2 protein chains.
Amino acid sequence: MAEKLKGETTESPDIARTALTSTTEPIQVNFNALPVEENAPDRISIRDVAKQAGVSIATVSMVLNQNPRISRGTHVRVQRVIDSMGYRPNRLAQSLSSRYTQVLAVILPPLRHAFADAYFGEILSGISDRAGKLGHKLLIEQAKPQYIKEGKHIELYERRFVDGVLCLGFNEKHTFLSDLRQYPMILVDNRFGDGLLDFVHCDYRMGAKQAMNCLLQLGHRNIGMIYAAPESPTARDVLEVYTTELRNAGIEVKESWLADGCFTDEGGAAAADLLTHRDKDITALLCGNDKMALGAIRYLVEHGRKVPQDISVVGFDDIQHLAYANPSLTTVHLPLYELGVAACERLVSRIRGKVDRVADVLPTHLVLRESTSIVRTR
Amino acid sequence: MAEKLKGETTESPDIARTALTSTTEPIQVNFNALPVEENAPDRISIRDVAKQAGVSIATVSMVLNQNPRISRGTHVRVQRVIDSMGYRPNRLAQSLSSRYTQVLAVILPPLRHAFADAYFGEILSGISDRAGKLGHKLLIEQAKPQYIKEGKHIELYERRFVDGVLCLGFNEKHTFLSDLRQYPMILVDNRFGDGLLDFVHCDYRMGAKQAMNCLLQLGHRNIGMIYAAPESPTARDVLEVYTTELRNAGIEVKESWLADGCFTDEGGAAAADLLTHRDKDITALLCGNDKMALGAIRYLVEHGRKVPQDISVVGFDDIQHLAYANPSLTTVHLPLYELGVAACERLVSRIRGKVDRVADVLPTHLVLRESTSIVRTR
DNA sequence: GTTAACTGTTTAATCAGTTTAACAATTTAT
DNA sequence: ATAAATTGTTAAACTGATTAAACAGTTAAC
């Protein structure tokens, strides 16, 4: 499969098809060598407004910023001029002066499909919505190794690109995070050095407990776990609760019940392969995220094991469009959108001078669908 | 299904769980009321560097910008001071003066899962990679109705947030696009008013031809089409080629072979339902994107029709992680990553003063997988 | 009737850079 | 030897806002 059929050209190439340069190494840009647009319509500045309104620029500025020292009459008069001239303050000048950019950065890990990922996407939606409401713009960056090496993450602050940064998808392995300790930043959906950095994350312990309760109540006793990124504190939370809950139920955890699925679809499938071969008695799988759960189900079904009749599978995330999977996935719902909202909110209040450490943990809940069932008695 | 199990709280709530405010209406922000961080470490400015190096700030600036009028010796000496002091130029001041922000905006449609969408994600990856190489940052916005109404898309330029804008996922229905005509902007993967705006899009005509060729060669004659967004020129391209190719093969297109699938999974399923009931003889479906194709396959399989034995399905997009679908999807590969790269490149050259209209069309190819087969003779 | 307090506005400094024009010091041409 | 051209550096103007301090003009207090 994946064979390519050679395609012929469209019959009417009425549109020019231009060759694209495809340089791979970074391109040096001389900031100054750029030609200034000749026909750039002269922007209206605060001076123009001041002149037109017959007041000083300080007055216009104060009107703009609703300074109470400006009288009602002047305010109205100046505002009218502002509106009629269609004046919009240059925010570069505003930021230069006020020291606030009203821009936040979101840093994503250097994964190939980071921008197309449902997990990040959901968090991003929350961040974007709240940032907009708080009057902030969003800058998106991917923390490639080169990016970190060049200190671009620090430049973000130092060169005044942004007021604060939200870090998604990182864990304690990503040591560059500690470079940002001195600036406003929130680690999203993880912890770091247990309390050294501000963070907001889902209650993975609660989620794990809900998932394990469900499986145990359904009578499962041989429960495998497809985990990932054990260097991540929140991922470890799940592993720990998994172990604790089994032990509390009087079940001794076997080493052979654990496999790393790398948070990917393929990884989930491979882990399911490994686990089912290492221990034929496994009747249920707890997976660290939905992607691995789906990979596992795909593998199981393709190898003649019925889900959930032969083996139950529980995921983690509750990615929306997976609700249509067949069988639909029982999973721990993580409030990812709300997590984004919370993170954004916390970051902004941090920027505005709030000094307490941020450490929010959002509750989860289990969504029971079709991939789990009562254990089959033999 | 989708019933929720009530979850109990984690046993050790060692981390404070703070209540979150959840305001829904926009929050007024007074730019000036923000307290300036007291302990802000005094940033090093160009003046400090100049003093330390014993030259004027003009010289430092010229060193920074590699102005050739600076002698080799001075350059080295000043650069050494810059490095030793860890000086990083404030880009607000640079941009204020140079009139270039080195920031691009990406505007996405106001869809719920725009950030988690594989189609947008792939384009975004391309844009992000190339923008980084060209020394540009990326601002991401969602064009909600309110956003447009308030003219925020124009503010992006007028207030000097960005130098240019990339518009993803819009079509001729989105009239706000014409507001941006006078500024550097590229419409990505569509046209507008056929040539009024700069654009870069995939060759949907070529793609449609490749898909139809494939189905016709496999012997299909009753081919249904699940389209979407007929207000989109590129979507219309596909519809037109579909019709033309059938006609060229001596097949009269029936009205009942067409259904709108809204570009969604559910829409695809609903359209498949409609089409198969309107015309029992349909043996193949051409779908406007992969999501609808998958929805259609899901519907068909759930209703006892075998894919591809009973009915072949071809998609459009070639979304990566769908390669694992079962059956895997035969689809038209759109070079979305390259599209992002091209769009970004074109935008930057536009910003730098290139005046020719941008009108790139990138070639597609068919990826033959398991969802298509030779037509079943009865 | 002078002083004090309050209002509303403006002057001028500041944010941190870029860039033009001027200038001194050399080098080259006549 | 003098004028012209070249080279490297700098002073000063400029980008477009904010804001502390100064300043009139009223009003209130004693």
Side-chain angles (χ1 to χ4, degrees), chain A residues 30-37 40 42-51 53-78 82 85 87-102 155 157-161 163, chain B residues 30-37 40 42-51 53-78 82 85 87-102 155 157-161 163:
Chain A
N30 185 340
F31 210 92
N32 292 39
L34 308 175
V36 170
E37 192 82 45
D42 268 3
R43 290 271 106 264
I44 302 157
S45 84
I46 196 168
R47 269 157 252 273
D48 303 320
V49 176
K51 195 172 292 173
V55 295
S56 73
I57 62 164
T59 303
V60 179
S61 172
M62 290 170 130
V63 168
L64 237 41
N65 294 295
Q66 333 219 58
N67 190 311
R69 293 205 322 207
I70 294 294
S71 71
R72 186 102 200 89
T74 311
H75 187 108
V76 171
R77 190 156 44 83
V78 174
I82 288 175
M85 297 181 80
Y87 165 69
R88 303 176 201 255
N90 180 322
R91 82 143 234 303
L92 292 169
Q94 287 187 317
S95 295
L96 181 59
S97 193
S98 75
R99 315 193 130 278
Y100 284 98
T101 65
Q102 304 281 99
E155 280 195 1
Y157 298 95
E158 297 273 307
R159 299 196 53 200
R160 310 217 91 80
F161 277 103
D163 296 334
Chain B
N30 185 340
F31 210 91
N32 292 41
L34 308 175
V36 170
E37 193 80 47
D42 268 3
R43 291 270 105 266
I44 301 158
S45 83
I46 196 168
R47 272 155 249 273
D48 303 320
V49 176
K51 196 171 292 172
V55 295
S56 74
I57 60 164
T59 303
V60 179
S61 172
M62 290 171 130
V63 167
L64 238 40
N65 294 295
Q66 331 219 57
N67 190 311
R69 293 204 321 205
I70 295 294
S71 71
R72 186 100 200 91
T74 311
H75 186 108
V76 171
R77 188 157 42 85
V78 173
I82 288 176
M85 296 181 81
Y87 165 69
R88 303 175 201 255
N90 180 322
R91 78 146 240 300
L92 292 169
Q94 287 188 317
S95 295
L96 181 59
S97 191
S98 76
R99 314 193 133 276
Y100 284 98
T101 65
Q102 304 281 96
E155 280 195 1
Y157 298 95
E158 298 273 308
R159 300 196 54 200
R160 309 213 96 70
F161 276 103
D163 296 333

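Owing to the predicted nature of the structure, the values given are computational and were not obtained by experimental measurement.
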(Q) Nearest whole Å is fine: how far is D:dT18 C1' from A:Gln66 CD? (A) 15 Å

Q) Is it true that B:Arg43 and A:Glu158 make a salt bridge, defined as a side-chain N closer than 4.0 Å to a carboxylate O? A) yes

**Q.** Pairwise distance OG(A:Ser56) to CD1(A:Ile46) - rounded to 0.5 angstrom
**A.** 8.5 Å

Q: Report yes if at least one side-chain N or O of A:Asn90 is closer than 4.0 Å to OP1 or OP2 of D:dT15; otherwise report no.
A: no

Q. Counting only side-chain N and O atoms of B:Arg99, is one of them less than 4.0 Å from OP1 or OP2 of D:dG16?
A. yes

Q: Rounded to the nearest angstrom, tell me the gap between atom NZ in A:Lys51 and atom P in C:dT10.
A: 15 Å

Q: Return the value, rounded to whole Å, for the distance between atom CD1 of A:Ile44 and atom C1' of D:dA17.
A: 15 Å

Q | Of the listed nucleotides C:dT20, D:dT18, D:dA11, the one nearest the side chain of A:Asn65 | A | D:dT18

Q: Would you tell me if any nitrogen or oxygen in the side chain of B:Ser61 comes within less than 4.0 Å of OP1 or OP2 on C:dT18?
A: yes

Q | Candidates D:dA17, C:dT10, D:dT15 - which lies nearest the side chain of A:Val55 | A | C:dT10

Q) Which one, C:dG17, C:dC15, C:dT20, comes nearest to the side chain of A:Ser97? A) C:dC15

(Q) For the CG atom of B:Leu92 and the OG1 atom of A:Thr101, what is their distance to the nearest 0.5 Å? (A) 7.0 Å

Q.
Whether the side chain of A:Arg77 engages the backbone of A:Ala53 through a donor-acceptor N/O pair (distance < 3.5 Å, no angle test) should be reported.
A. yes

Q) Closer than 4.0 Å, any side-chain N/O of A:Tyr87 to the OP1 or OP2 of D:dA17? A) yes

Q | From C:dG17, D:dT18, D:dT9, nucleotide with atom closest to B:Ile46 side chain | A | C:dG17

Q | DNA chain D: 5'-proximal contact among A:Thr59 and B:Arg72 (nearest heavy atom) | A | B:Arg72

Q. D:dT10 phosphate, OP1 or OP2: any side-chain N/O from B:Ser56 under 4.0 angstrom?
A. yes

Q) Once you round it to whole Å, what is the distance between P of D:dA17 and CZ of B:Arg160? A) 10 Å

Q. Can you tell me if the side-chain N/O atoms of A:Ser45 get under 4.0 Å from OP1 or OP2 in D:dT15?
A. no

Q: Can you check whether any acceptor in the base of D:dT9 is under 3.5 Å from a donor in the side chain of B:Arg69, or vice versa?
A: yes

Q: In whole angstrom, give the distance that lies between atom CG of B:Leu64 and atom C1' of C:dT19.
A: 14 Å

Q: Check every atom of C:dT18, D:dT18, D:dA11 against the side chain of B:Ala58 and return the nucleotide holding the closest atom.
A: D:dA11

Q: Carefully, step by step, assess A:Arg69 and A:Met62 under the rule side chain to side chain contact (heavy atoms under 4.5 Å, CB included).
A: CA-CA 8 Å; A:Arg69 293 205 322 207; A:Met62 290 170 130; 3.5 Å; yes

Q: Look only at the side chain of A:Thr59 and the backbone of A:Val55, and say whether a donor-acceptor pair between them is shorter than 3.5 Å.
A: no

Q | C:dG17 base / B:Arg47 side chain donor-acceptor hit below 3.5 Å | A | yes

Q: Return the value, rounded to whole Å, for the distance between atom CG of B:Leu92 and atom P of D:dT15.
A: 18 Å

Q: Nearest-nucleotide wise, let me know which of B:Ala93 and A:Val60 is further upstream toward the 5' end of DNA chain D.
A: B:Ala93

Q) Rounded to the Å, how far apart are A:Leu96 CG and C:dA13 P? A) 18 Å

Q: In whole angstrom, give the distance that lies between atom CG of B:Asn67 and atom P of D:dT10.
A: 13 Å

